[in-house]
Amino acid sequence: MRRRLGICAGLLVVLLAPLAALPAFGGKAGSEELAVRAILETVKAFRTVYSKGVIEQVRKAGMAPSENWRTEDHTIMLNAQFVKAAGAEIQEFELGLVGLAPLFQSNQPKTKAETDALKKLESSPELKVITFADGNQFKGMAADYAIVQGCADCHNTHPNSTKKNWKQGDLMGAIVVRIKK
């Protein structure tokens, strides 16, 4: 099972890596935004498939997602860990998760512009993606919702959670892409 997950993460990296080169193609205005939007759409699709397909199927087989999947038998990584693990494999740009009420400090917004973008996503549910320049980086954020009830349940019971009333469909934060200009 762990080998299959490694293959899934590897496939995500292979699909995303060429997108990082888009800004370098002629330096055309808007190419950073195109790259960021393409990356975010791809990551959202992989995360949704992982959440609804992989995790639900392994539950039927008697396994469960766990934060401690590396040390616990019969477990697999959480969907957030899947995104972060794929992001750790990418050298050309940053891929991660951010939130206003994250479980871990590493998922805090890095700048005021990121905090403002998260607040804008939160206050405007019709927005699905925000792109913006921030210092020497071009960034994009895709609204990240509790895709299944298990996402909300995990956050509600996690000892680091500052919010205990998450529901399926709630905006939990964002998938973030950061590309150097």
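What's counted below: heavy atoms across the whole structure, side chains too, no hydrogens, waters or symmetry copies.
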Give me the one residue out of N79, D144, D170 that meets side-chain contact (heavy atoms from CB on, under 4.5 Å) with C151. N79
Rounding to 0.5 Å, atoms CD (E33) and NZ (K139) come to a distance of 15.5 Å
Mind checking the CE-CZ spacing from M141 to F132? Nearest 0.5 Å is all I need. 4.0 Å
I'd like to check N68 versus T75 (side-chain heavy atoms, cut-off strictly below 4.5 Å). Are they in contact? no
Are I179 and L40 connected, step by step, through hydrophobic side chains (Ile, Leu, Val, Met, Phe, Trp, Tyr) whose heavy atoms are closer than 4.5 Å? yes
Min side-chain heavy-atom separation H74-S66 under 4.5 Å: no
Give, for atom CD of E126 and atom CG of L121, the distance between the pair rounded to the nearest 0.5 Å. 10.0 Å
Classify the ring geometry of Y50 against F82: parallel below 30°, tilted from 30° to 60°, perpendicular beyond 60°. parallel
Would a single hydrophobic cluster contain both I175 and F138, if residues Ile, Leu, Val, Met, Phe, Trp and Tyr are joined by side-chain heavy-atom contacts under 4.5 Å? yes
E41 vs K44, salt bridge (charged side-chain N to carboxylate O under 4.0 Å, His left out): CA-CA, chis, key distance, verdict: CA-CA 5 Å; E41 281 301 312; K44 281 179 14 182; 3.3 Å; yes
Of all heavy-atom pairs linking A143 and L127, the shortest is CB-O, 4.3 Å
Do L78 and W69 have side chains that get closer than 4.5 Å, going by heavy atoms? no
Is it true that, when you exclude K128 itself, more than 12 heavy atoms of the residues, nucleotides or ligands shown sit nearer than 6.0 Å to its NZ? yes
Which heavy atom of L95 sits nearest to which heavy atom of V83, and what is that distance? CD2-O, 4.2 Å
Judged by atom type as modelled, is there a donor-acceptor pair below 3.5 Å linking the side chain of S161 to the main-chain atoms of H155? yes
L118 CG to Q108 CD distance, which is reported to the nearest 0.5 Å: 9.5 Å
For K112, I'd like to know if atom NZ has over 12 heavy atoms of other residues, nucleotides or ligands within 6.0 Å. no
Please find the pair of heavy atoms, one from V176 and one from L97, that lie closest to each other, and give the distance. CG1-N, 4.1 Å
Side chain proximity check, H158 to W166, heavy atoms < 4.5 angstrom: no
Atom CD in E94, atom NZ in K180: separation rounded to 0.5 Å? 7.5 Å
Could you go through the side-chain contact (heavy atoms from CB on, under 4.5 Å) check for V177 and T131 one step at a time? CA-CA 9 Å; V177 172; T131 59; over 6 Å; no
Identify whether I55 and M63 are in the same connected component of the hydrophobic contact network (ILVMFWY, side-chain heavy atoms under 4.5 Å). yes
When you look at NZ of K181, are more than 12 heavy atoms from neighbouring residues, nucleotides or ligands closer to it than 6.0 Å? yes
d(I147 CD1, T48 OG1) to nearest 0.5 Å is 4.0 Å
Nearest heavy-atom contact between P125 and Y145 is O-OH, 3.7 Å
Might you point out which heavy atoms bring L171 and G173 nearest each other, and give the distance in Å? CD1-O, 3.2 Å
Are there over 12 heavy-atom neighbours, none belonging to K120, within less than 6.0 Å of that residue's NZ? no
Using every non-hydrogen atom in the two residues, find where K84 and S106 come nearest and quote the distance to one decimal. NZ-OG, 3.0 Å
